[in-house]
Structure formats: C-alpha cells, structure tokens
Number of protein chains: 2
Amino acid sequence: MPTTRTDIVASCEPVFDRHGFAATGMDTLTEAANVSTRTLYKHLGSKAGLTVAVLEARMERFFSTCTASTFDELLTDLERWIEAEGARGCLFLRAQGEADALSAGAGVSTVVAEYRQRLRSLIGRLVISELGREDETVSDELLIIFEGATSTASYLGPQAIIAARSAASTVLMRGDPCTC
Amino acid sequence: MPTTRTDIVASCEPVFDRHGFAATGMDTLTEAANVSTRTLYKHLGSKAGLTVAVLEARMERFFSTCTASTFDELLTDLERWIEAEGARGCLFLRAQGEADALSAGAGVSTVVAEYRQRLRSLIGRLVISELGREDETVSDELLIIFEGATSTASYLGPQAIIAARSAASTVLMRGDPCTC
DNA sequence: GCCAAAGTAAAACGTTCGTTGTACAGTTGC
DNA sequence: GCAACTGTACAACGAACGTTTTACTTTGGC
C-alpha cells in the first residue's frame, strides 16, 4: 500500500479544484486522500506545500494530455479535458487569485507563471508548424482564444469549443491568398 | 458622515478582488471600510451578504463604464478598466470558484449568472449593430475573445488588448466581400 | 432639551483552522 | 527477532475565523 506523495496530491487536486484553496480545510484533504493528518504532513510539509504540489501535478497532467500538432487539435485536447474534468475556469488563474492569502504566494506564483509560459510556448510551436514561421500576433490571438474557451466553457458548455474552433480557424486563415 | 452600505461595499470590493473571498477576514474588511464590526453587520448582515453585495456593485460599476457601440470600443472600455483596476482575471469567475465554500453559494451563483448573461447580451447587441443582423456564432467568438483578453491581461499586459482587437476585427471581417 | 437613530470600541462567543505531539500497529529486510 | 520505517488514530495546541454582545458616544430633527 503506497500512500505515496503522488497519490495524496492526485486525490487533493479535484478537491481544491471544486471548492477553492483557502476554503478547503486540511480535514477535507486528508479525508479525500484517505491518509492521516500525520502522513499528509510528512509528505507535503504544509498546506502551502500541498498547494504547490497540486498545481505542479496539474500542470504536468494537463500538458501530458496535449498531444496536438495543430491548434485545432489543441482545442480537441481541451474539449476532452473538460469532458473529463468539468469546466470551472483556469485553476491556475484561480490559484493566483488566492495566492497571497495562501501564505504560499511565492511558490504558487512561480508554478502559475511556469504554466503560462509553457502554454504560450506550446501555442507558439503550433503556430510555427502551421504557418511555417513564427508569428507572435497570431500566437497571442490563439492564446486569448484558448483562455477564453477555458473560461467561457463554464457557462457556454461545449459551444465554447465550437466557437473557439471557428474563431481560431478564421485567425489562422487570415492572410491566405484569396480564393474568390 | 454617511458610512452607508454603498460606501462599505465600495471599500470592500478591491480587498476581495486582491486577496480572494474566503481568504479575506472580516477584520480586514472592517478596517478597509473604516467602520466598526457592528456597523458592517448592520448594513450587510453577514460576510455572505457582503460578498453578494460586492459582486452586484461590481457588475453595475463595470457595465456603467461600458459605453461602447462597437466591439472594438468595448475592448477600449476593458483596456481602461484594466488600467484603473488592474488585471487579475474575471472576479466573477473567481467568486464562482469559491462559491460553495463561501456558504453564500446560491446568492453568488445568481449574481455571477446575471453578470454573464448581461455580458452576452451586450455583445449580442454590438454584433447586431455592427453586422446589421444577429449572429450567434460571431457573438460567441467575440465573447470568447473578451473573456480571453480579461484572463490573459494578467500576464500579457496591454498586449492582450491589442491581440484581442486584432482577433476580433478578423472575426468581424470574415464573410465581407473580398477586396482583392 | 431630548429622543431616537447610527455610529464607535472592545471583549467574548463557540467554531474551525493549520499544525504538532503522543502512543501504537503493520510491514520489510537482514 | 529486531530494528527501521511507514503508516494510523486521536487529542491537543494556539491562532484566527464569523458573529454577537455590552456599554458608550455622537448627531440631527422637532
């Protein structure tokens, strides 16, 4: 019976996601992870440590599900993610919003910044492979569409992905030789 | 010296915005509002009541700054808002993420839903006035761009508005008679 | 001048928080 | 078989939470 750090973190992630960070007590977390208070503290050190670990795990888990080689496929990855995880808006954005009160402000901000940088560079790579060249403007626009889809999916539902797909293809086609 | 409910709510709004809802204690709020505990409770009833009141005030304040008659102008409104208020991602999204733990879940969800509906219908009206007809697809795409700009502005800065503007104009021009 | 209305300060309420301490059980490897 | 390790259960810590209470001050209209 492992009860490893990894298992604990994986169990706590959905709890933070659904109820927020500051609002979730250690009792709820130990119960969700099915471990004693002592064990959780041995492995994670503190609630702040657990929070950072959860965000790191989330980041790795998210990017490991992103196998896309085009932005349209990235939206399919997002669609699948939302089907499996639900849509409550970007967890990293929400974590950042509670960061300083979490007394883990520095650690949280670091992971959030890393997530955002990785997302940007992922989209940047997709743009290069689709357009055959770097295009920072297009990359920023697609980043906005991706983040917008993530946010709006919480109230538009699957329609958010459809609209994002449409907007993205429009942006990517811009500048193509006219076919009329 | 009024110390009215309105003043209290206005003073508490930036505190919630900067530090989160669950994480902000009543001491911090009374201090920010410069009122005694007793007065705050007399006017707002509870932390849950204050939370809902703050979100309602935020909604009215935000929409009253939106004087746009085109989506591009709406992005200018957003740009000005962000310059004045800072960019920490949509407060309503963050509030919803803490809603059930706030024990004001129902009230918060109601205001958040109302905000989102009003945003959608505002954009819908702009689309009608720009295209001369309803277009739900374009409206959804612009909503995504608006929400995406709101989110990404917290790390892209003013560049987020520029990219959103570019994406939006592309989406709005789509279908126009070709000029080549 | 006085009575309400509305404010203040400060202590106390019981609860819950994050965290630590104590005492004990199960497994593993040599 | 006996360390060493890793886990559990559970009580306890002080601090902070949201809220209420008590007692007092200020203010404005009639």
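Hydrogens, waters and symmetry mates are skipped; everything else that's a heavy atom, side chains included, is used. The sequence lines fix the lettering, A, B, ..., with proteins before strands; numbering per chain opens at 1. From a predicted model like this one, the values you see are computed outputs, not experimental measurements.
Of all heavy-atom pairs between B:I123 and B:S139, the closest is CG2-O, 3.8 Å. Between B:K47 and B:A22, the closest heavy-atom pair is NZ-O, 3.5 Å. In terms of heavy-atom proximity, A:A95 sits nearest to A:F21 at CB-CE1, 3.6 Å. Nearest heavy-atom pair across A:R174 and B:T170 is NH1-OG1, 2.5 Å.
Contact annotation: A:H43 does not reach the phosphate of D:dT6 (side-chain N/O to OP1 or OP2, under 4.0 Å).
The separation between B:N34 atom CG and C:dG7 atom P is 13 Å, rounded to whole Å. Per the geometry, CG belonging to A:L50 stands 11 Å off P belonging to C:dG18, to the nearest Å. We find that CD1 of A:I8 is positioned 13 Å from P of D:dT6, with the value rounded to whole Å. Residue A:K42 contributes atom NZ, which lies 21 Å from atom P of C:dG18 at whole-angstrom precision. Between the CD atom of B:E31 and the C1' atom of C:dT8 there is a distance of 15 Å, rounded to whole Å. In this structure, B:L44 places its CG atom 16 Å from C1' of D:dT20, rounding to the nearest Å.
Of the candidates C:dT19, D:dT8, C:dT8, D:dT8 carries the atom nearest the A:T39 side chain, counting heavy atoms from C-beta on.
At least one side-chain heavy atom of B:L122 sits less than 4.5 Å from a side-chain heavy atom of B:L74.
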Reading 5' to 3' through nucleotides 10-17 of chain D, protein heavy-atom contacts under 4.0 Å coded B for base, S for sugar-phosphate only, - for none: --------
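Each of A:F21 and B:L40 lies near DNA chain C, and the nucleotide nearest B:L40 is the one positioned closer to the 5' end.
Ring orientation note: the planes of B:F92 and B:Y115 are close to parallel, at an angle under 30° on the 30°/60° scale.
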Using a 3.5 Å limit on both pairing distances, list the dot-bracket string of DNA chain D from the 5' end; Watson-Crick and G-U wobble pairs count, crossing pairs take [ ], interstrand pairs take |. ||||||||||||||||||||||||||||||
What side-chain donor-acceptor pairs closer than 3.5 Å can you find for residues 155-162 of chain B, not counting sequence neighbours?
unit_1: B:Y155; atom_1: OH; unit_2: A:E147; atom_2: OE2; d: 2.4
unit_1: B:Q159; atom_1: NE2; unit_2: A:D140; atom_2: OD2; d: 3.4

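The 12-atom threshold is exceeded at CD of B:E73, counting heavy atoms of other residues, nucleotides or ligands nearer than 6.0 Å.
A donor-acceptor pair is defined here as one N or O able to donate and one able to accept, closer than 3.5 Å; no such pair exists between the side chain of B:S11 and the backbone of B:N34.
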